[in-house]
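Notes to accompany the following structure.
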Amino acid sequence: MKPLITFVLLSLCLLPIIFADSSSFSIDYKNNCFRKDGKPFQFISGSIHYSRIPREYWKDRLLKMYMTGLNAIQVYVPWNFHETVQGVFNFAGDRDLEYFLNLANQTGLLVILRPGPYICAEWEMGGLPAWLLQKPNIILRSADTEYLKAASDWFGVLLTKMRPWLYQNGGNIISVQVENEYGSYFACDYNYMRHLHTLFRLFLGEDVILFTTDGNTDKEMICGTLEGLYATIDFGTDTNITAAFIRQRRFEPKGPLVNSEFYTGWLDHWGDKHASVDTVKVSKMLGEMLSMGASVNMYMFEGGTNFGYWNGADHDTRFRSVVTSYDYNAPLSEAGDPTDKLLAIRDVIKNFRDIPVGPMPPATPKFAYGFVTLQKVWTFHIEKPYSFARFLVHTNHLTLLCYVNCVQYYGFMLYRTTLPRNVPEPTPLISPLNGIHDRAYVSVNGVYQGLMERDTALVMNVTGQQGDQLDILVENMGRVHFGSYINDNKGLLGNLILGNDVLTDWSIYPLDIDTAVANGWLQAAHSGSGMEAGDGPMIYSGTLKPTGLAWDTFVKLNGWTKGQVWVNGVNLGRYWPQRGPQQTLYVPRPFLSATQPNNITVLELERAPSHRRILFMDRPQLNSTGQKT
């Protein structure tokens, strides 16, 4: 068995093909390798997500990857990032994929493109747009007619843009993945995969390498692979390399060995300990795979940030939301700074290819701007929510009236009704069918009563008088990105019961808080009235005075509970220091002004500290586990 393993695993790709085309990238099945322009080629790649990095920093991150010795990058394309509203495609600004590809090309990096339609990536709904859920019976990632129609329309736009960027056409895309880790999904629908295969060939032609990536189990490889798509595998430092590549060989007997996701780190959920993967294990295992002739992509090489509402969530035994930072314990930090892990990886790569000459670009400068004191400007339960509601919906029953029905895909919705009777004693408010998706902040006549939470807190007590206003602000904490629960509707998905009474006659306000913040509506509408700060959902505002410097910084909300932060109208993401582990939010330099006052807005959902201060620091704090709530 030992000689056979050696024969199977070692690359025999030694000699160039003399008469190859000048721009070609192909698989040499006879010699078990890739060929680029006729010559043997081994890619050493790293994953980077342009959607998690400000456009102004794309070049900096790509150059650092190139100077580490990488010759390729791996790139996901999140469908929902570009078609957030059905039929409206956005490829401008931070969504300018072709500009990103061009920067990579100028830097000297080839591209492994992963356009989905599903990408996972710990990204909201795995990259699938939430508007798909407006079809209540849709089966995502399958040959469902409505799903295929939407995916085909999307690829008709995206893949047409990508074709000129294929290596054979003078671009830098050397291969394209079809779907993503499909073997881990319950559907196991080969007709779906055949449809995608046909679609990709239609738009990209016959010459480009199409491949699949799946986890290191037989079940995943069986359901995730398809004839005509080159089968690759993914695994991390807890895996036996030889056993993993033997599994790849069972499904792809000839061709290069490929680990498409070699995990340099891991993700964090709120309430977890901060994940880390040992640098020595990463560098040692990378060297072993490269010595076998395998091509390797490191996931992640630069993680970035889940700005706004773009984080995903897992659902195994319960719903668990991914934190705002996607630092991933990667070789480049969330802020793009080289780490000891990067230096160790570069030392390994030196043994297999020439490293570019010149110094590694330094870390971006950081600055501790100090404290900013905020003042309350808005109280949801006192002010009129329709000031920044998209529109108002009336309904008698809540069943299935969720975010997508109200065309509110992300963020917050306010549900309002009145108490049907006197409840002088604490009376249970119940979500009997686990219909809180994902957190609900409850007030009666402007007095904060407490919260309800998906899977974990489905009952709470309220008091009040008949006719009192009951307000429930619902937070979407990010849709499930992996597994069978990706049809993840948000809002109040079933009736609420107060004691023995089913609550009815609801007014529902889809809240466009981001537009209100960006346009300064909240400050302009501030009345100065309302309850004392610190009780329930409130919005606070303040100013970071200009210093003449606009450098990266990190904001810490010590004593604050949970919420969202905007800087100059840009949504930094969620904070939740009490749950942890993440304690600071990354503020990139492009979000700040060196010469104008910087507007800071904080939506605190539970309780603000009496000091109302936030702190801008020159370093992140990602690994302090707070008290679970």
Side-chain angles (χ1 to χ4, degrees), residues 51 75-92 95-98 101 111-121 123-166 168-169 171 173 175-214 223-230 404 407 409 479 481 484 486-488:
S51 55
V75 181
Y76 275 134
V77 182
W79 179 4
N80 55 9
F81 195 59
H82 295 281
E83 194 185 0
T84 305
V85 176
Q86 186 173 12
V88 180
F89 300 97
N90 186 350
F91 288 92
R95 292 166 168 80
D96 193 343
L97 174 57
E98 291 186 86
L101 294 176
V111 171
I112 301 161
L113 191 72
R114 308 176 81 182
Y118 165 84
I119 63 170
C120 185
W123 184 264
E124 223 276 344
M125 203 168 152
L128 300 177
W131 48 260
L132 290 169
L133 300 177
Q134 290 173 331
K135 305 292 185 180
N137 298 317
I138 195 169
I139 303 174
L140 302 173
R141 303 179 70 193
S142 78
D144 179 285
T145 302
E146 291 175 323
Y147 177 73
L148 286 185
K149 172 64 166 60
S152 299
D153 290 347
W154 159 239
F155 281 137
V157 174
L158 174 66
L159 298 183
T160 300
K161 289 177 175 291
M162 294 299 98
R163 184 162 184 158
W165 290 95
L166 299 178
Q168 294 88 337
N169 297 334
I173 296 175
S175 60
V176 179
Q177 179 179 285
V178 177
E179 243 280 346
N180 181 60
E181 296 179 328
Y182 189 62
S184 63
Y185 193 56
F186 74 90
C188 197
D189 186 340
Y190 293 112
N191 287 332
Y192 166 56
M193 291 295 287
R194 291 188 189 100
H195 177 89
L196 292 183
H197 184 197
T198 301
L199 204 63
F200 277 53
R201 285 294 176 212
L202 174 66
F203 288 111
L204 298 179
E206 296 297 323
D207 295 333
V208 65
I209 295 171
L210 300 180
F211 71 98
T212 60
T213 301
D214 284 284
C223 286
T225 56
L226 186 74
E227 185 177 356
L229 305 176
Y230 191 78
V404 294
V407 199
Y409 302 132
R479 289 181 180 82
H481 61 256
S484 58
I486 58 174
N487 287 56
D488 189 13

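- Test Tyr118, Tyr190, Tyr192 against Tyr182 for ring-ring contact (aromatic ring centres under 6.0 Å, His included) and you get one pass: Tyr192.
- Contact annotation: the side chain of Tyr76 never approaches that of Ser51 to less than 4.5 Å [non-hydrogen atoms, C-beta and beyond].
- Relative to the ring axis of Tyr147, Arg141 does not place its NZ or CZ within 45° and under 6.0 Å from the centre.
- Using a 4.5 Å heavy-atom threshold, the side chains of Leu158 and Leu97 count as touching.
- Contact check for Phe203 versus Met162: no side-chain heavy atoms found under the 4.5 Å cut-off.
- Side-chain atoms of Asn80 and Tyr409 form no donor-acceptor pair, as typed in the model, at a separation below 3.5 Å.
- Using bins of under 30°, 30° to 60° and over 60° for the plane-to-plane angle, the ring pair Trp154/His82 lands in the parallel bin.
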Test side-chain contact (heavy atoms from CB on, under 4.5 Å) applied to Phe155 and Leu196, step by step: CA-CA 9 Å; Phe155 281 137; Leu196 292 183; 4.0 Å; yes
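- Between Ser184 and Asp214 the shortest heavy-atom distance is N-OD1, 4.5 Å.
- A donor-acceptor pair under 3.5 Å is absent between the side-chain atoms of Asn191 and the main chain of Ala143, judged by distance alone.
- Under the 4.5 Å side-chain criterion, counting only non-hydrogen atoms from C-beta, Asn487 is in contact with Leu133.
- Proximity of Asn90 to Thr84: side-chain heavy atoms (C-beta onward) are nowhere separated by under 4.5 Å.
- Two residues are said to be in side-chain contact when any heavy atoms from C-beta on lie closer than 4.5 Å; Asp488 and Met125 fail this criterion.
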